[in-house]
Amino acid sequence: MNYWLVKSEPIKYPWEKLVQDKKTVWDGVRNYQARNTLQAMKKGDLVLYYHSNEGLAIVGIAKVLKEQFPDPTIDDPRWVAVELGPFKALKKPITLEMCRNNDILSSMGLIRQGRLSVMPVTPEQFDKVLELSGTK
DNA sequence: GCCAACGTTGGC
DNA sequence: GCCAACGTTGGC
């Protein structure tokens with residue numbers, strides 16, 4: 001099992017909407033690094049769900065429902081999408097600031113590469129997020 | 001709303 | 001293949 005993190009602006013698609021919808025197509029990614037990460041996602045992998053711009057916190061855990069397929073929003077085979085569903089909400093959000101101040105979490109792409117919207121997370125980092133949020 | 005970071009584009 | 005210009009993202 002692998003772990004990942006995706007960013008979403010709450011104005012566009014908040015965690016609560018994912019919970020309501022039960023599933024969503026994660027499309028529109030137009031960055032090769034993020035695309036490569038999408039392609040590596042396997043069904044059943046868990047994905048930390050981060051709210052950017054507003055909230056600035058990891059608020060939930062999503063699950064990969066469907067592995068990569070061509071992005072339906074563009075007629076270009078270079079870009080792919082996956083399907084995500086809600087897995088579990090965090091009891092307490094883990095803010096960007098908490099990540100920055102934590103030895104294990106500060107090495108995440110979230111901190112080091114601010115503009116990346118899809119990135120891998122190590123099992124250690126994933127565990128730490130659950131532990132700090134009281135979700136474990 | 002500003003600005004830093006950084007990826008992409010296009011001229012040479 | 002380099003690099004300047006430009007666009008986008010996202011924190012503040």
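In what follows, every chain begins at residue 1, and chains take the letters A, B, ... in the order their sequences are listed.
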Chemist: When you list every nucleotide of DNA chain C with an atom under 4.0 Å from a heavy atom of chain A, which one comes first 5' to 3', and which comes last?
Modeler: dG7(C) to dC12(C)
Chemist: List in numerical order all residues of residues 28-36 of chain A for which some heavy atom is under 4.0 Å away from an atom belonging to DNA chain B.
Modeler: Asn31(A), Tyr32(A)
Chemist: Could you list the residues that satisfy ring pair (Phe, Tyr, Trp, His ring centres under 6.0 Å) with Phe87(A), not counting sequence neighbours?
Modeler: none
Chemist: Just to verify, what does Asp21(A) make a side-chain hydrogen bond (donor to acceptor under 3.5 Å, both in side chains) with, not counting sequence neighbours?
Modeler: Tyr13(A), Lys17(A)
Chemist: So which of residues 107-116 of chain A are in contact with DNA chain B, with a heavy-atom cut-off of under 4.0 Å?
Modeler: Gln113(A), Arg115(A)
Chemist: Any chain of hydrophobic side-chain contacts (each under 4.5 Å) joining Leu5(A) to Leu90(A)?
Modeler: yes
Chemist: Using the test side-chain hydrogen bond (donor to acceptor under 3.5 Å, both in side chains), find all partners of Glu16(A) that sit at least two apart in sequence or belong to another chain.
Modeler: none
Chemist: What pairs with Asp76(A) under side-chain hydrogen bond (donor to acceptor under 3.5 Å, both in side chains), at least two apart in sequence or on another chain?
Modeler: Arg78(A)
Chemist: Please identify each residue that fulfils ring pair (Phe, Tyr, Trp, His ring centres under 6.0 Å) with Trp79(A), with sequence neighbours left out.
Modeler: Tyr32(A)
Chemist: Just to verify, what does Val19(A) make a side chain to side chain contact (heavy atoms under 4.5 Å, CB included) with, not counting sequence neighbours?
Modeler: Trp15(A), Pro86(A)
Chemist: Taking only residues two or more places apart in sequence, or in another chain, which ones meet Tyr50(A) in a ring pair (Phe, Tyr, Trp, His ring centres under 6.0 Å)?
Modeler: none
Chemist: With a 3.5 Å cut-off and sequence neighbours excluded, list the donor-acceptor pairs that the side chains of residues 104-115 of chain A form with protein atoms.
Modeler:
unit_1    : atom_1 : unit_2    : atom_2 : d
Ser106(A) : OG     : Asn102(A) : O      : 3.0
Ser106(A) : OG     : Asp103(A) : O      : 3.3
Ser107(A) : OG     : Ile104(A) : O      : 3.0
Ser107(A) : OG     : Gln125(A) : NE2    : 3.1
Arg112(A) : NH1    : Ser107(A) : O      : 2.5
Gln113(A) : OE1    : Gln33(A)  : NE2    : 3.4
Gln113(A) : NE2    : Gln33(A)  : OE1    : 3.0

Chemist: Tell me every residue that passes side-chain hydrogen bond (donor to acceptor under 3.5 Å, both in side chains) with Asp71(A), counting only those two or more places apart in sequence or in another chain.
Modeler: Arg30(A), Thr73(A)
